[in-house]
Amino acid sequence: MKNIRSSVVIGILLAAWPASVARAELSAGQILTRSDAVRLPDGDFKVETKVISTKAGKEDVTTYEALVKGRDRTLIKTLSPATERGTSVLMVDHDLWVFLPDVSKPIRISLQQRLVGEVSNGDLARMNFDGDYAPRLVENKPTFYKLDLIAKREDVTYGRIGLWVAKKTFRPLKATFYAASGRLLKVGSYEDYRMLGGAMRPGRLVLTNAVEKDRLSTIYYSDMHDEGSLPEKYFTKDYLKKFKY
Amino acid sequence: MLSLVLWPISSQASDESALYMRNALHYYHVGNYRRSKEFFLAVLSIGTPREVEIAKQYLAIPALTTATKSGRPLPRYVPPAKPKPVTDSILEEQEPAPEQTNTHVKEDSDRIPFHASGNLREQAAVRTSAPSQLSQLRTVGYLSATGQLLDDVSYKVSGRAWYDGVYDLTDHYPRAVKDNQKTDGELRDTYVDLSHGNWDARVGKQQVVWGEALGLFYADVVNAKDLREFVLPDFEFIRIPEWGTDLEYTLHNLHAELVWLPVPSMNLVGRPGSEFAFPAPAPPGFQTVYGPERMPAQTLDNSELGGRLAYRASGWDLGLFHLRTWDKSPVYERTFSPDEMTLTATHPRLTIDGATFAKEIEEIVFKGELVYNTNKYFQTTDIASVNGLASKNYVDYLLGADHTFWKNMNASVQWAQRWIQQYEADLYQQKKIQSTVTVSVRQTFLDDHWEPEVLVIQDLEWGDRMIRPGVTYKITPHWRWSGGMDFFSGNPEGLFGEFSHHNRGYMEVRYDF
């Protein structure tokens with residue numbers, strides 16, 4: 001009886017709750033968290049990525065296998081082309097190492113070093129925005145949110161990111177990436193939503209150079225699946241030499 | 001059920017949170033408070049503000065506050081192909097479709113399949129110093145196979161072979177050099193990797209690489225080196241894989257390593273008359289002959305043993321190591337007879353202790369190495385010395401900084417110094433303190449297809465240097481071409497100046513598969 005009474009009270013209260021207030025109550029942080037959840041699964045996962053860099057009609061294709069543990073550990077193995085196969089990039093927090101087969105040891109590098117085309121190490125290795133950027137809601141339109149993401153630290157890939165997020169599904173739609181100086185570096189478009197890792201996620205991210213519009217890199221995501229719990233040791237620089245290709 | 005009627009399901013609620021809310025209310029009303037609580041808790045993280053408010057109200061009800069969770073995971077929400085009306089009745093907990101299952105069971109097909117790879121290189125070099133001549137026309141083949149035998153057991157087998165046609169096409173080099181460098185064939189990295197929890201072991205022929213520096217061997221002390229071409233080839237080409245066991249333990253940020261090499265290998269150096277033979281430590285006025293090289297006997301007592309501890313903390317890569325080894329570079333014992341002097345290459349015992357660090361600060365990667373060598377034998381030109389050797393301790397230390405400019409210009413500066421303790425002026429080609437500065441710049445152009453680079457190593461005490469401008473062109477995903485010049489100049493008694501008559505131009509075409 002008590003339970004039914006409570007239910008009625010709650011129901012009456014909620015009936016009087018203006019529906020239009022519901023979505024507007026979401027904070028910028030909540031929007032960003034949900035958008036990150038659309039792009040990335042929870043837990044440890046593996047995904048194959050193909051990066052096609054295009055300029056003036058010419059293409060370069062590089063394929064990677066990325067292993068991700070949590071939100072701050074990523075290992076990227078280069079599978080092709082043959083000239084690059086065997087190169088690995090490891091990111092833990094904001095520390096980055098590269099393993100080159102011709103050197104046979106891990107080398108400490110910085111996030112700013114470019115991986116390929118318009119793709120930086122941070123684009124592939126540091127996938128979540130939530131941990132690195134402080135969000136601010138700048139636009140709240142009927143169909144989308146626009147967030148301004150300001151870098152929380154100096155050593156993240158970008159100084160600022162503009163992010164458009166679909167209102168109903170929290171899917172990221174478009175992003176603009178800025179240097180710490182404020183200069184627009186590239187524009188990203190999240191496309192081809194499909195089932196990846198048990199949810200609808202962008203199958204393609206197109207990064208266009210802000211100045212040279214004919215330079216773009218497209219990141220294709222495929223074969224994403226849950227890996228249970230990946231061993232911690234995989235994400236240490238001393239383990240990089242162990243990976244087989 | 002009243003709550004369902006009075007809870008207008010907003011079309012703005014997400015399908016997933018709406019599902020969870022309906023399930024939560026359903027289980028509440030059928031008395032399954034444990035399951036209801038789990039769904040309400042899920043709504044807290046993904047629900048709309050109104051849904052969250054409802055969930056909180058229900059979770060405050062005593063029947064739910066006292067309920068313990070069942071521990072069963074909530075079903076993964078699968079969006080329907082066509083949107084269903086939100087006024088549907090309670091949805092049953094969905095079994096995810098097999099292809100959408102959240103759990104990926106490791107199967108045999110997940111093991112690394114057998115994979116073969118390798119490369120074929122054609123290398124040519126021309127000495128540009130007088131007398132100018134062809135110095136290399138070498139074909140090198142490398143083949144590697146990797147695979148996985150069990151979940152925790154994988155392997156690698158690799159080998160390399162070459163033929164240098166310059167020794168058949170010309171008479172530039174003596175017979176001993178031709179016999180030593182015309183052809184080569186060896187097993188390279190060939191090992192089994194075993195893994196169990198935090199433990200890993202690599203057993204077989206392998207390279208064990210320590211240190212943070214690039215372009216120089218300071219803390220890179222475990223493996224012998226092939227120095228028949230000085231330090232000009234890639235380091236992976238120079239290092240000689242050795243038979244041994246590398247046992248490792250990893251726990252969070254701590255890494256411990258124990259290395260045992262039962263069969264020590266020694267550096268390969270150019271024989272007299274070769275392009276990069278190190279000059280003999282012979283006082284003038286004597287005819288010099290070379291005795292057979294004395295190698296340590298292959299016994300357990302003569303094996304090499306070392307260990308390394310590495311720790312990562314607050315962005316710092318820290319390392320300590322200790323190695324009981326042999327001096328892999330030949331140290332020439334000298335004996336005199338009435339007409340000649342005999343030099344016999346030996347390899348005394350050597351103990352090496354070191355520390356390394358690396359840290360990125362303000363987009364600059366700083367790195368350092370400190371290496372202490374105990375009981376290193378140096379050549380001496382003191383005629384009074386019984387065997388021409390003097391034992392000293394010395395320390396090498398290095399500081400370096402790497403930075404990337406404009407996203408694709410990588411620049412590196414390293415300053416290194418050697419300090420020999422109890423220094424004597426008669427030590428051959430050694431000063432009490434020797435300093436070198438290394439500068440390296442590399443940049444990519446034309447969509448990363450062209451990569452010019454230059455490496456400069458300047459010895460501040462001897463006043464000699466090595467300058468290596470070069471360029472690599474990636475022709476296709478399989479083919480690349482590289483070429484450049486190697487200049488040596490300065491004091492002929494210095495490590496680089498002694499090759500000042502061996503400047504050369506080189507090129508290589510490489511196919512990777």
Side-chain angles (χ1 to χ4, degrees), chain A residues 3-4 6-8 10-12 14-15 17 19 21-23 25-26 34 53 55 58 60-61 80-83 85 92-96 101-105 107-110 112-114 116-117 120 154-155 168-169 195 198-200 225-228 232-233 236-239 241-242 244-245, chain B residues 2-3 5-8 10 12 14 46 48-50 54 57 61 63 76 79 96 100 102-104 112 115 117 146 148 154 156 193 198 200 207 209 211-212 214 234-236 239 248 250 252 255 257 310 315 317 358 360 362-363 365 367 402 404 407-408 410 447-448 474 477-478 480 512-513:
Chain A
N3 290 339
I4 293 174
S6 302
S7 304
V8 170
I10 291 167
I12 293 172
L14 292 172
W17 196 284
V21 175
R23 191 61 65 181
E25 293 295 312
L26 280 181
R34 295 181 195 192
S53 299
K55 185 184 179 196
K58 293 176 68 176
D60 285 318
V61 182
S80 71
T83 51
R85 186 179 180 95
V92 179
D93 295 329
H94 293 89
D95 299 329
L96 206 66
D102 289 347
V103 179
S104 292
K105 71 177 179 183
I107 303 165
R108 188 78 178 259
I109 60 174
S110 70
Q112 279 61 36
Q113 277 187 259
R114 202 150 48 85
V116 64
S120 68
E154 286 184 354
D155 56 356
K168 186 178 178 186
T169 60
M195 285 303 290
M200 294 297 283
H225 51 254
D226 191 325
E227 284 291 313
E232 274 192 32
K233 65 185 182 184
T236 59
K237 74 181 185 82
D238 293 292
Y239 201 86
K241 65 189 180 196
K242 301 260 186 216
K244 306 294 187 296
Y245 287 82
Chain B
L2 276 176
S3 61
V5 173
L6 295 174
W7 172 54
S10 167
Q12 293 179 327
S14 76
I46 65 169
T48 64
R50 183 162 47 164
I54 296 172
Q57 297 282 355
I61 296 172
R76 170 71 67 175
Q100 296 158 354
N102 198 29
T103 303
H104 183 78
I112 304 163
H115 184 266
S117 64
T146 58
Q148 196 147 357
S154 59
K156 178 175 181 177
D193 275 338
N198 294 340
D200 290 275
Q207 300 182 40
V209 188
E212 304 286 347
L214 282 178
D234 294 334
F235 276 23
E236 195 271 342
R239 250 182 250 111
E248 298 174 271
T250 306
H252 303 309
H255 179 85
E257 186 175 3
D317 288 331
E360 181 182 354
E362 301 290 333
E363 298 179 11
V365 176
K367 51 188 70 172
D402 302 338
T404 300
K407 298 291 183 188
N408 65 349
N410 300 316
D447 303 315
D448 299 335
K474 294 176 186 174
H478 291 274
R480 59 180 141 168
D512 285 88
F513 58 91

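Sequence lines set the chain letters: A, B, ... in the order given, protein chains first and strands last, and positions in each chain run from 1.
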query: At their closest point, which heavy atom of A/Arg34 faces which heavy atom of B/Ile46, and how far apart are they?
result: NH1-O, 3.3 Å
Smallest separation among heavy atoms of A/Val103 and B/Arg239, with atom names: O-NH2, 3.1 Å
- prompt: Measuring from B/Glu360:CD to A/Ile109:CD1, what's the distance to the nearest 0.5 Å?
  reply: 9.0 Å
Heavy-atom pairs under 4.5 Å with chain A, option from B/Thr250, B/Asp234, B/Val365 with the top count: B/Val365
query: Tell me, side chain or backbone of A/Thr83 under 4.5 Å from chain B's heavy atoms, or both, or neither?
result: both
- prompt: If you look at every heavy atom in A/Arg108 and B/Gly315, which pair is closest and at what distance?
  reply: NH2-O, 2.8 Å
query: From A/Lys242 NZ over to B/Lys156 NZ, what is the distance, rounded to the nearest 0.5 angstrom?
result: 12.5 Å
- prompt: Relative to chain A, which segment of B/Gln207 carries a heavy atom at a distance below 4.5 Å: side chain, backbone, both, or neither?
  reply: side chain
- prompt: Quick one: does A/Lys233's side chain get under 4.5 Å of B/Glu248's, heavy atoms only?
  reply: no
Atom group of A/Lys241 that falls short of 4.5 Å from chain B, counting heavy atoms: both
task: Write down the atom of A/Ser104, the atom of B/Val209, and the distance for their closest heavy-atom approach.
output: O-CG2, 3.4 Å
field: N-O pairing of A/Lys244 and B/Asp193 below 4.0 Å
entry: yes
- prompt: What part of B/Asp317 lies closer than 4.5 angstrom to a heavy atom of chain A: side chain, backbone, both or neither?
  reply: both
query: So what's closer than 4.5 Å to chain A heavy atoms on B/His255: side chain, backbone, both or neither?
result: side chain
query: What are the two closest heavy atoms between B/Thr146 and A/Tyr245, and how far apart are they?
result: OG1-O, 2.9 Å
